[in-house]
Amino acid sequence: MIKKLKTFRRLSASRKAMIFQAFGLSVYTWVLFTFFKRFAKFGETINASGTTHKRYGTKAADISFAINTVSRLVPWKNVCRHQAYQAKMLCNYYKIPCLIFIGFKKDTDQNKIQAHAWTVADEKIITGFCNPKEYIVQSIYRNKWQ
C-alpha cells in the first residue's frame, strides 16, 4: 500500500486529478449499470468508423491510464462497458472525440458468444484493450465531439 502511495505522489497533477475523476465515474457507472440500465446511453450510433486527424497530446493517454488504474483498484465490477462509458464521459469533459465499439465473437472452446466494448480516442484503443479484428462489430457510437 505504501508503494502505491509513493507511486501516486510521483504522478503529475493532471494524472492525479484524472484518477479521482475516473474513481468518481467508476462509482457512477456501477450504480448506473446496476440499477438504472435504461438510462445508460453511449451516444449517437454511426455506420462507419471515423478518424480524427487532430492530435490531443497526452490527454487521451491520461484518460486510459486513469481508467485502467482505477479498474484494477476498485472492489466492485468495472467491466469493459463501464470503462467505455467512463471514457466517453471523460472524453466529453476534455472535448476529445472518441468512438465506442460494441463487438461479439464466438468462443469455440466454451461454445459461447462473448461481447466486448472498447473505446478509441486519438486513433488508439484507450479502454477494453483487445484485437478488434477478432470481433464482429455490432454498433459504433461516437461522443458529441466527433
Side-chain angles (χ1 to χ4, degrees), residues 1 3-4 7-8 11-12 14-146:
M1 182 66 161
K3 185 177 179 182
K4 289 181 183 181
T7 303
F8 182 78
L11 295 175
S12 68
S14 66
R15 279 204 168 186
K16 288 177 186 175
M18 204 164 298
I19 285 175
F20 284 115
Q21 290 171 329
F23 177 78
L25 288 173
S26 174
V27 173
Y28 171 76
T29 54
W30 179 81
V31 170
L32 180 71
F33 283 104
T34 303
F35 301 109
F36 306 103
K37 287 181 188 173
R38 67 176 180 214
F39 297 113
K41 305 283 188 242
F42 278 109
E44 180 185 350
T45 306
I46 62 173
N47 291 330
S49 64
T51 60
T52 58
H53 298 291
K54 183 178 177 186
R55 293 286 178 207
Y56 293 89
T58 60
K59 279 296 181 198
D62 288 348
I63 290 170
S64 177
F65 172 79
I67 291 172
N68 290 311
T69 300
V70 168
S71 70
R72 285 192 317 265
L73 299 175
V74 296
W76 52 83
K77 185 166 84 169
N78 196 16
V79 294
C80 59
R81 71 175 180 206
H82 298 193
Q83 293 175 23
Y85 200 84
Q86 294 162 24
K88 179 198 85 147
M89 294 179 76
L90 284 171
C91 285
N92 281 344
Y93 181 77
Y94 290 104
K95 298 179 178 152
I96 298 172
C98 72
L99 297 172
I100 299 169
F101 294 85
I102 309 293
F104 297 91
K105 74 175 182 178
K106 185 171 184 178
D107 183 358
T108 54
D109 296 335
Q110 297 180 356
N111 201 25
K112 292 183 179 180
I113 294 177
Q114 295 180 344
H116 189 56
W118 63 97
T119 309
V120 175
D122 209 12
E123 298 180 1
K124 296 178 194 141
I125 294 177
I126 62 170
T127 65
F129 298 96
C130 66
N131 181 0
K133 294 178 182 175
E134 293 179 358
Y135 292 88
I136 297 172
V137 175
Q138 160 110 27
S139 301
I140 304 171
Y141 300 94
R142 66 179 175 187
N143 67 345
K144 64 183 180 181
W145 300 105
Q146 187 70 9

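With values rounded to the nearest 0.5 angstrom, Ile102 atom CD1 is found 9.5 Å from Arg81 atom CZ. One distance of note links CG of Asn68 with CD1 of Ile63; it measures 11.5 Å at 0.5 Å rounding.
Remark: the backbone N or O of Lys133 is paired with a side-chain donor or acceptor of Asn131 at under 3.5 angstrom. Not a single donor-acceptor pair under 3.5 Å links the side chain of Asn78 to the backbone N or O of Trp30. Checking side-chain atoms of His116 against main-chain N and O of Cys80 turns up no donor-acceptor pair under 3.5 Å. Looking only at distances, a side-chain donor or acceptor of Thr29 sits under 3.5 Å from a matching main-chain atom of Ser26.
Proximity of the aromatic rings of Phe23 and Trp76 is defined here by a centroid distance below 6.0 angstrom, and this criterion is met. A distance of 6.0 Å or more separates the ring centres of Tyr135 and Phe101.
A heavy-atom distance below 4.5 Å is found between the side chains of Ile126 and Cys91. Contact check for Tyr141 versus Lys88: no side-chain heavy atoms found under the 4.5 Å cut-off. The shortest side-chain heavy-atom distance between Leu11 and Ile19 falls under the 4.5 Å cut-off. Within the 4.5 Å cutoff, the side chain of Arg142 has no heavy atoms near those of the Ile100 side chain. Side chains of Trp118 and Val137 form a contact here, defined as non-hydrogen atoms less than 4.5 Å apart.
Results of the side chain to side chain contact (heavy atoms under 4.5 Å, CB included) test with Ser71 over Gln83, Lys77, Gln86 single out Gln83 as the only residue that passes.
The nearest pair of heavy atoms linking Lys59 to Ser14 is NZ-CB, 4.1 Å. Contact record, Ala60 with Ile96: N-CD1, 4.0 Å, taken as the closest heavy-atom pair.
Residues passing the salt bridge (charged side-chain N to carboxylate O under 4.0 Å, His left out) test with Arg15, sequence neighbours excluded: Asp62.
In the displayed structure, Phe129 atom CZ is contacted under 6.0 Å by more than 12 heavy atoms of other residues, nucleotides or ligands.
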